[in-house]
Amino acid sequence: MTIVFYIDALKLGGAERIVLRWAQWCVQEGWRVVVLTRHGPERDAYPLPEGVERWQEVRLPPWQERLGWWAFPLRLQALRRQLRQGHVDLLVGVTTLPAVKLLLASRGLGVPCVVSERNYPPAKLPPRPWRALRRLTYPWADLHLVQTSTTGAWLRRHCGARRQCLLPNPVTWPLPDREPIEPPDQWLDPGAPVLLAAGTKAHQKGFDRLIPIFVALARRDPQLRLVLLGLSAEPYHGRDQQAWLRQRLDSLDSTLQSRLVMPGAVGNMAAWYARASLFVLPSRYEGFPNVLLEAMAAGCACVASDCATGPRDLITDHVNGLLLPPQASTEQWVSVLAALLEDHPRRRRLGMAAQAVRRRFDSERLRCDFLEALSRIHDG
């Protein structure tokens, strides 16, 4: 069987890592596996697993590209030809735009198409034309892989996504190292307490919310450091995220700049989880947060925003972590984090309980569920 996973790019991010994990599982099953992206390898943050082929979406001639939205039917035709020529047996579209394009391009080819949303859909709405196309095309999908029951219910109610498989992200433990390696000791003073957060999208992850929280906590503890991992020095949607956060800190307390640590992307996440005093996730919205899953598997004491989906699927409040209301104030966050920073035995208890995610989201069990779901679709 030839299976194609289609995603915009293999840039740094949770959806991209999951695509490569799925691709690896399919290779191990003996299938021919292709990862198809709109952008080329120059944007890749991850290596392809051994045995996985890489295709790039065919580009239109420059004069057609200049048509903008009017060239959309031409792009679909080109994608359709590419799929037909590749003798594809099964398609998986990951995130909204690739999923919609696959459903349209493969219409009538007789190739089953699976869709996987990676965020809670109403929390991150695509442009209006894509929303209309999503409502039109999602009922055509042979299967929707959903990370949480809340996301599944929304897709069923608003997009007619009746055929679903609940498939949360698998845990990876122990975490392998990859480049770039950034030893925490090169960035942090020995023994300094550390608030750790990680993600590539500062606004979604609520990193700006963390700044006033950190200011209040740092004034109490002159050793405290805030570490934000994953933020590229390159602009994201036209914004330099690191500069934006430093400006936010400057407006509150410029003397703390040296205690805000942003190493960018790191490939040795396990070392940073081990160095953290607390892992914090004040997200505005999530799908199923890989960084929280990894931090819990690593034994971190974790505090997260109870946003619409994701954290509550991992954390049972006051058992294996703490959840704060989505609109919790800075003062509430400060109160909870300050108490936890001063209570090492409680942090240790929460961290030990958090490690149970290694069993709950066991990779081998979820691998079997995933392959079984795709096999059923392929076999009709």
Side-chain angles (χ1 to χ4, degrees), residues 1-37 39 41 43-55 90-95 98-99 102 114-119 143-148 151 164-179 198-200 230 265-270 273 286-298 309-310 313-314 357-378:
M1 178 167 74
T2 296
I3 180 170
V4 170
F5 294 95
Y6 181 36
I7 190 168
D8 189 66
L10 291 180
K11 63 183 185 301
L12 196 68
E16 292 75 12
R17 280 189 289 162
I18 287 298
V19 164
L20 295 178
R21 173 68 71 86
W22 289 348
Q24 187 175 41
W25 287 348
C26 293
V27 167
Q28 293 167 351
E29 194 69 5
W31 299 347
R32 179 189 175 215
V33 181
V34 175
V35 171
L36 170 64
T37 60
H39 294 288
R43 295 205 181 187
D44 288 5
Y46 307 104
L48 284 178
E50 187 175 353
V52 176
E53 298 177 38
R54 172 66 177 275
W55 294 352
L90 183 61
L91 299 164
V92 181
V94 181
T95 71
L102 267 193
V114 177
V115 165
S116 176
E117 286 276 354
R118 305 311 298 173
N119 269 315
L143 184 67
H144 287 263
L145 299 173
V146 298
Q147 299 175 97
T148 67
T151 295
Q164 296 186 3
C165 173
L166 181 62
L167 190 78
N169 292 347
V171 67
T172 299
W173 188 259
L175 275 174
D177 285 347
R178 58 176 178 81
E179 293 296 331
T200 60
V266 306
N268 56 325
M269 290 292 295
Y273 290 136
E286 285 289 347
F288 193 92
N290 280 328
V291 289
L292 179 59
L293 179 60
E294 291 174 354
M296 294 177 71
T309 66
D313 295 273
L314 294 165
V357 297
R358 298 183 193 177
R359 296 187 300 274
R360 285 178 60 204
F361 302 98
D362 175 66
S363 179
E364 186 56 32
R365 177 178 62 81
L366 292 170
R367 173 182 177 271
C368 293
D369 292 346
F370 174 75
L371 294 173
E372 182 182 352
L374 294 192
S375 295
R376 284 200 305 266
I377 294 297
H378 176 251

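All of these numbers come straight from a predicted model, not from anything done at the bench. What you see below is based on every heavy atom in this structure, not just the backbone, and it leaves out hydrogens, waters and symmetry mates.
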Novice: Answer whether the closest heavy-atom distance between the side chains of W173 and V357 falls below 4.5 Å.
Specialist: no
Novice: Do the non-hydrogen side-chain atoms of L371 and C26 ever get within less than 4.5 Å of each other?
Specialist: yes
Novice: Which distance, rounded to the nearest 0.5 Å, do you find between the CH2 of W31 and the OG of S375?
Specialist: 4.0 Å
Novice: Check for a donor-acceptor pair, side chain of R54 on one end and backbone N or O of T37 on the other, with a separation under 3.5 Å.
Specialist: no
Novice: Would you check if L48 and L10 make a side-chain contact, meaning some heavy-atom pair closer than 4.5 Å?
Specialist: yes
Novice: With rounding to the nearest 0.5 Å, note down the distance linking CG in D369 to CG in L166.
Specialist: 9.0 Å
Novice: Would you name the heavy atoms of V52 and A23 that are closest together and state the gap between them?
Specialist: CG2-CB, 4.0 Å
Novice: Could you tell me which non-hydrogen atom of V291 sits nearest to which non-hydrogen atom of A198, and how far apart they are?
Specialist: CG2-O, 3.6 Å
Novice: Where do G287 and T309 come nearest, in terms of heavy atoms and distance?
Specialist: O-OG1, 3.4 Å
Novice: Do P170 and I18 touch side chain to side chain, with heavy atoms closer than 4.5 Å?
Specialist: yes
Novice: What is the minimum heavy-atom distance between A265 and L12, and which atoms define it?
Specialist: CB-CD2, 3.6 Å
Novice: With rounding to the nearest 0.5 Å, note down the distance linking CG in L374 to CG in L145.
Specialist: 6.5 Å
Novice: Does E16 reach the side chain of I7, with side-chain heavy atoms less than 4.5 Å apart?
Specialist: yes
Novice: Mind checking whether H39 and K11 have side chains closer than 4.5 Å, heavy atoms only?
Specialist: no
Novice: Within a radius of less than 6.0 Å around CZ of R43, do more than 12 heavy atoms belonging to other residues, nucleotides or ligands occur?
Specialist: no
Novice: Got a second to check how far I3's CD1 is from R32's CZ, nearest 0.5 Å?
Specialist: 12.0 Å
Novice: How far apart are the closest heavy atoms of R360 and L314, and which atoms are they?
Specialist: NH1-O, 3.2 Å
Novice: Does any part of the side chain of E29, heavy atoms only, come nearer than 4.5 Å to the side chain of M1, both counted from C-beta?
Specialist: no
Novice: Which distance, rounded to the nearest 0.5 Å, do you find between the OG1 of T151 and the CZ of R118?
Specialist: 9.5 Å
Novice: Can you list the residues that meet the ring pair (Phe, Tyr, Trp, His ring centres under 6.0 Å) rule with Y6, with sequence neighbours excluded?
Specialist: none
Novice: Rounded to the nearest 0.5 Å, how far apart are CH2 of W55 and CG of L36?
Specialist: 7.5 Å
Novice: Taking ring pair (Phe, Tyr, Trp, His ring centres under 6.0 Å) as the test, write out the residues that go with F370, two or more places apart.
Specialist: W22, W25
Novice: Indicate yes or no: at least one non-hydrogen side-chain atom of N169 is less than 4.5 angstrom from one of Q147.
Specialist: yes
Novice: Compare every heavy atom of F361 with every heavy atom of D313, then report the nearest pair and how far apart it is.
Specialist: O-CZ, 3.7 Å
